[in-house]
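Following: one structure in structure tokens, then a few remarks.
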Amino acid sequence: MRARLALCLALVAAPLRAGADEAPPPVTPLPVTPLSVTPLPVTEVAPGVFVYAAPYELADPENEDAICNLGFVVGGQAVAVIDSGGSYLAGRRLLAAVRVVTGLPVRYLIDTHVHPDHVLGNAAFAEVGATIVGHAALPEALAARAGSYLAATERLIGAAAFAGTKAVPPDMVVTAQITLDLGGRELLLEAWPTAHTNSDLTAFDRTTGTWFLGDLVFSGHVPALDGSLTGWLAVLDRLTVRPAARVVPGHGPATLPWPEGAAATRRYLAVLAADIRRLIRTGATMSEAAASAGQSEKGAWSLFDDFAGRNATAAFHELEWE
Ligand SMILES: [Zn+2]
């Protein structure tokens with residue numbers, strides 16, 4: 001609260017010191033005050049771009065649901081954070097990582113999609129005044145699932161790690177594209193048609209060509225299908241024709257080369273689609289499909305057995321009406 005007040009005063013004071021046609025003075029950084037939590041370990045993958053590369057794990061008390069990649073981009077006047085982690089504690093630890101690097105205010109938190117490991121840390125950024133930005137479909141998707149996401153997360157990580165966790169909806173939504181200004185540094189946000197989920201949003205840092213793709217790209221950790229298999233393959237086609245210096249996958253190493261970094265996700269989804277179509281053609285039941293579709297990919301991915309059956313079931317539901 002005190003930080004927001006200081007920022008407001010700085011903005012109010014600006015016209016007194018600068019003419020209307022002059023650039024605003026730089027925002028005075030807030031004092032770098034260590035938070036009382038351990039900062040998440042982050043790597044600077046490009047100048048001013050930091051990524052927490054999460055382990056390939058399901059949510060549990062030890063990882064506090066900090067199980068997806070998270071990041072932040074530092075501009076001349078402000079910071080944008082990409083995804084907040086799966087608990088308030090994970091969000092606080094990400095904020096602590098920001099504070100190790102800079103005292104600039106977190107102006108934006110960008111939610112890449114509705115999944116709990118990406119958004120349940122939102123409260124940690126809402127309370128320091130960040131504007132939360134998401135896909136236009138995110139408010140409804142989050143409202144529909146918040147109850148079950150919160151209950152499941154508390155059960156998985158335990159009451160201590162879960163303390164303070166809330167489902168905080170976006171303040172601002174993106175229907176097509178918007179550009180966020182961090183002070184001499186622009187982030188292009190784009191909302192995509194249903195793919196991994198119905199609320200996939202990407203963030204491209206124009207300064208370094210670093211593209212945060214959320215869960216539109218996985219590496220190492222098996223992809224999870226919760227939107228549309230055919231939609232996801234179509235969106236990958238659109239993503240991979242674009243240049244980027246590097247991408248940050250939602251699950252995988254901190255960065256991947258582009259467009260090669262999409263190859264494994266595309267291969268898995270294509271195998272799943274081909275298997276499901278063949279099984280439907282030959283009259284297989286849903287449970288037979290769940291047990292066999294995509295199994296040739298088993299050796300290529302972590303957490304394969306945790307997601308393969310669900311992915312096959314979702315694909316069967318989608319493709320049986322083709
Ligand atoms: Zn996801």
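All figures in this text were calculated on a predicted structure; none of them were measured in a lab. Along the sequence shown, residues are numbered consecutively beginning with 1.
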Does any non-hydrogen side-chain atom of [Y] lie less than 4.5 Å from one of [X]?
{"X": "Arg242", "Y": "Glu190", "answer": "yes"}
{"X": "Val42", "Y": "Val100", "answer": "no"}
{"X": "Asn69", "Y": "Phe212", "answer": "no"}
{"X": "Arg246", "Y": "Val49", "answer": "no"}
{"X": "Leu58", "Y": "Phe307", "answer": "yes"}
{"X": "Leu213", "Y": "Trp258", "answer": "yes"}
{"X": "Val248", "Y": "Thr210", "answer": "yes"}
{"X": "Glu127", "Y": "Arg92", "answer": "yes"}

- Can you tell me how far the CG atom of Leu256 sits from the OG atom of Ser219, to the nearest 0.5 Å?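 Leu256 CG to Ser219 OG: 4.5 Å, rounded to 0.5 Å.
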
- Message: To the closest 0.5 Å, what do you measure between CG (Leu239) and CH2 (Trp211)?
- Response: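 That separation rounds to 4.5 Å.
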
- Query: Does atom CZ of Arg278 have more than 12 heavy-atom neighbours from other groups under 6.0 Å away?
  - Reply: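 Count over threshold, so yes.
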
- Task: Taking atom CD of Glu288 as the centre, report whether more than 12 heavy atoms of other residues, nucleotides or ligands fall under 6.0 Å from it.
- Result: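 Counting other residues, nucleotides and ligands, CD of Glu288 exceeds 12 neighbours.
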
Polar side-chain atom of [X] near backbone of [Y] as donor-acceptor pair, under 3.5 Å:
{"X": "Asn122", "Y": "Val168", "answer": "yes"}
{"X": "Ser148", "Y": "Arg145", "answer": "yes"}
{"X": "Ser228", "Y": "Thr194", "answer": "no"}
{"X": "Glu318", "Y": "Leu229", "answer": "yes"}
{"X": "Trp232", "Y": "Leu216", "answer": "yes"}
{"X": "Arg310", "Y": "Asp226", "answer": "no"}
{"X": "Arg99", "Y": "Leu104", "answer": "yes"}
{"X": "Tyr268", "Y": "Ala300", "answer": "no"}
{"X": "Arg206", "Y": "Leu188", "answer": "no"}

Which heavy atom of [X] sits nearest to which heavy atom of [Y], and what is that distance?
{"X": "Val119", "Y": "Val114", "answer": "CG2-O, 3.5 Å"}
{"X": "Thr197", "Y": "His115", "answer": "CG2-CE1, 3.4 Å"}
{"X": "Ile157", "Y": "Ser87", "answer": "CD1-CB, 3.8 Å"}
{"X": "Ala90", "Y": "Gly85", "answer": "CB-CA, 4.2 Å"}
{"X": "Pro253", "Y": "Ala53", "answer": "C-CB, 4.4 Å"}
{"X": "Ala54", "Y": "Ala66", "answer": "CB-O, 3.8 Å"}

- According to the interplanar angle, ranging from 0 to 90°, do the rings of His113 and His118 count as parallel (below 30°), tilted (30 to 60°) or perpendicular (above 60°)?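 Tilted, since the angle between the ring planes falls between 30° and 60°.
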
- May I have the step-by-step check of side-chain contact (heavy atoms from CB on, under 4.5 Å) for Phe50 and Val98, ending in yes or no? CA-CA 9 Å; Phe50 296 81; Val98 174; over 6 Å; no

- Message: As a quick check of understanding, evaluate side-chain contact (heavy atoms from CB on, under 4.5 Å) for Leu156 and Asp65, giving each step before the final call.
- Response: CA-CA 9 Å; Leu156 290 168; Asp65 207 11; over 6 Å; no

- Stepwise, does the side-chain contact (heavy atoms from CB on, under 4.5 Å) test hold for Phe218 with Tyr56? CA-CA 11 Å; Phe218 283 70; Tyr56 305 158; over 6 Å; no

- Task: Verify the distance criterion only: is there a donor paired with an acceptor across the side chains of Asp83 and Thr112 at less than 3.5 Å?
- Result: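 Yes, Thr112 and Asp83 have a side-chain donor paired with an acceptor closer than 3.5 Å.
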
- Query: Is there a donor in the side chain of Thr165 and an acceptor in the side chain of Glu154, or the other way round, less than 3.5 Å apart?
  - Reply: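 Looking only at side-chain atoms, Glu154 and Thr165 do not form any donor-acceptor pair under 3.5 Å.
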
- Task: Before giving the answer on side-chain contact (heavy atoms from CB on, under 4.5 Å), spell out for Ile67 and His221 the whole-Å C-alpha distance, their side-chain angles and the decisive distance to 0.1 Å.
- Result: CA-CA 10 Å; Ile67 58 167; His221 178 306; over 6 Å; no

- Message: Strictly below 4.0 Å, N to O, side chains only: are Arg107 and Asp181 in salt-bridge contact?
- Response: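 So Arg107 does not pair with Asp181 through a salt bridge.
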
- Query: Testing Leu303, Asp117, Asp306, Asn63 for side-chain contact (heavy atoms from CB on, under 4.5 Å) with Glu57, which one passes?
  - Reply: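 For Glu57, the side-chain contact (heavy atoms from CB on, under 4.5 Å) check succeeds only for Asn63.
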
